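The structure presented is a predicted model; accordingly, all values stated were derived computationally and were not measured. The figures here come from the full heavy-atom set of this structure, side chains too, leaving out hydrogens, waters and symmetry mates.
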Amino acid sequence: MARSSSERWLAPAFFDRPTLEVARDLLGATVQVRGPGGPRATELVEVEAYGPADPASHAYRGPTRRNRTMYGPPGGVYVYRIHQVVCANLVTRRGEAVLLRAGTPVGPERTSASGPGRLCRALGLTFADDGTRVSRTGRFSVRAAPDRLDQAIVASPRVGISRAIDRPWRFSVAGSPWVSRPGPRLT
DNA sequence: GAAAAGATTACCT
DNA sequence: GGTAATCTTTTCC
């Protein structure tokens with residue numbers, strides 16, 4: 001699916017595509033979360049794909065209590081906890097998802113969204129959001145990236161995993177100051 | 001039922 | 001650059 005107008009909200013069908021394609025197309029997209037204090041939004045600058053037959057994926061060993069959302073419909077929001085922090089993914093095809101790793105600062109406070117835990121905290125996402133679905137008018141919505149990104153997309157190894165560390169399935173916007181450390185590989 | 005590991009972050013030297 | 005915090009899920013016995 002090609003990128004479309006900058007005002008287009010992504011429908012669940014957008015996520016029903018190969019995970020690597022979805023991951024790349026999410027760079028530059030805007031994630032918005034509506035909450036009691038008003039909507040909070042960030043423009044994605046870094047994501048990671050967790051695909052099929054992927055030893056690093058939470059779904060590698062099949063459905064479990066934790067990863068059940070990954071087996072739900074495309075466009076689902078899979079939230080998991082790690083070390084007192086929550087991280088958010090968008091479900092693509094069955095058992096696959098894209099981890100949201102970093103975005104531009106959020107709100108007038110310019111709260112940091114650089115890093116998967118900080119991104120969730122900045123948007124006000126909690127474990128209670130696990131299992132919700134992307135929708136134009138709901139709590140969690142995603143607006144399409146511009147037709148053409150100003151900057152190139154960089155592929156590099158994923159962060160913080162111990163298996164399948166060779167797969168370059170981390171995608172980031174080249175030169176963005178908000179990409180989480182230690183920064184994308186330059187090659 | 002117990003133990004280990006973890007898609008992280010903050011703070012230390 | 002290294003490590004502690006901190007706790008749930010998973011995995012193994």
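Reading DNA chain B from its 5' end, the first and the last nucleotide to sit under 4.0 Å from a heavy atom of chain A are B/dG6 to B/dA10.
Residues meeting the side chain to side chain contact (heavy atoms under 4.5 Å, CB included) test with A/R110, sequence neighbours left out: A/P105, A/W178. Scanning for side chain to side chain donor-acceptor pair (under 3.5 Å) contacts around A/T64 gives A/N67, with sequence neighbours left out.
Residue pairs satisfying the salt bridge (Lys or Arg N to Asp or Glu O under 4.0 Å) criterion with at least one member in residues 77-100 of chain A, sequence neighbours excluded, are listed as follows: A/D16-A/R93. Sorted by first and then second residue, the pairs that involve residues 129-140 of chain A and meet salt bridge (Lys or Arg N to Asp or Glu O under 4.0 Å), not counting sequence neighbours, are A/R68-A/D130, A/D129-A/R139. Sorted by first and then second residue, the side chain to side chain donor-acceptor pair (under 3.5 Å) pairs involving residues 115-127 of chain A (not counting sequence neighbours) form an empty list. Sorted by first and then second residue, the pairs that involve residues 36-46 of chain A and meet salt bridge (Lys or Arg N to Asp or Glu O under 4.0 Å), not counting sequence neighbours, are A/E46-A/R101, A/E46-A/R170.
Comparing B/dA7 with C/dC12, their P atoms are spaced 16 Å from each other, to the whole Å.
Stem list for DNA chain B (at least 3 consecutive Watson-Crick or G-U pairs, distances under 3.5 Å): B:1-6 with C:7-12, B:8-12 with C:1-5.
Using a 4.0 Å heavy-atom criterion, one finds that A/R163 contacts no nucleic acid atom at all.
A continuous path of Ile, Leu, Val, Met, Phe, Trp and Tyr side chains, each step under 4.5 Å between heavy atoms, connects A/L90 with A/I153, placing both in one hydrophobic cluster. A/V85 and A/L125 are not part of a single hydrophobic cluster, where members link through side-chain heavy atoms under 4.5 Å apart.
Applying the under-4.5 Å side-chain rule to Ile, Leu, Val, Met, Phe, Trp and Tyr, the cluster around A/I161 extends to A/Y50, A/M70, A/Y71, A/Y78, A/Y80, A/I82, A/V91, A/L99, A/I165.
DNA chain C is contacted by no residue of residues 106-114 of chain A, taking any non-hydrogen atom closer than 4.0 Å. For the segment residues 88-99 of chain A, no residue has any heavy atom less than 4.0 angstrom from an atom of DNA chain C.
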Open item on the list: Determine whether A/T69 and A/V77 satisfy the following criterion, side-chain contact (heavy atoms from CB on, under 4.5 Å), listing intermediate values before the conclusion.
Closed with: CA-CA 7 Å; A/T69 300; A/V77 181; 5.9 Å; no
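The backbone N or O of A/T92 sits nowhere less than 3.5 Å from a side-chain atom of A/R17 that would complete a donor-acceptor pair.
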- [ ] Spell out protein contact along nucleotides 5-12 of chain C as letters: B when the base is contacted, S when just the sugar-phosphate is, - when no protein heavy atom is under 4.0 Å; keep the 5' to 3' order.
- [x] BBSSSSS-
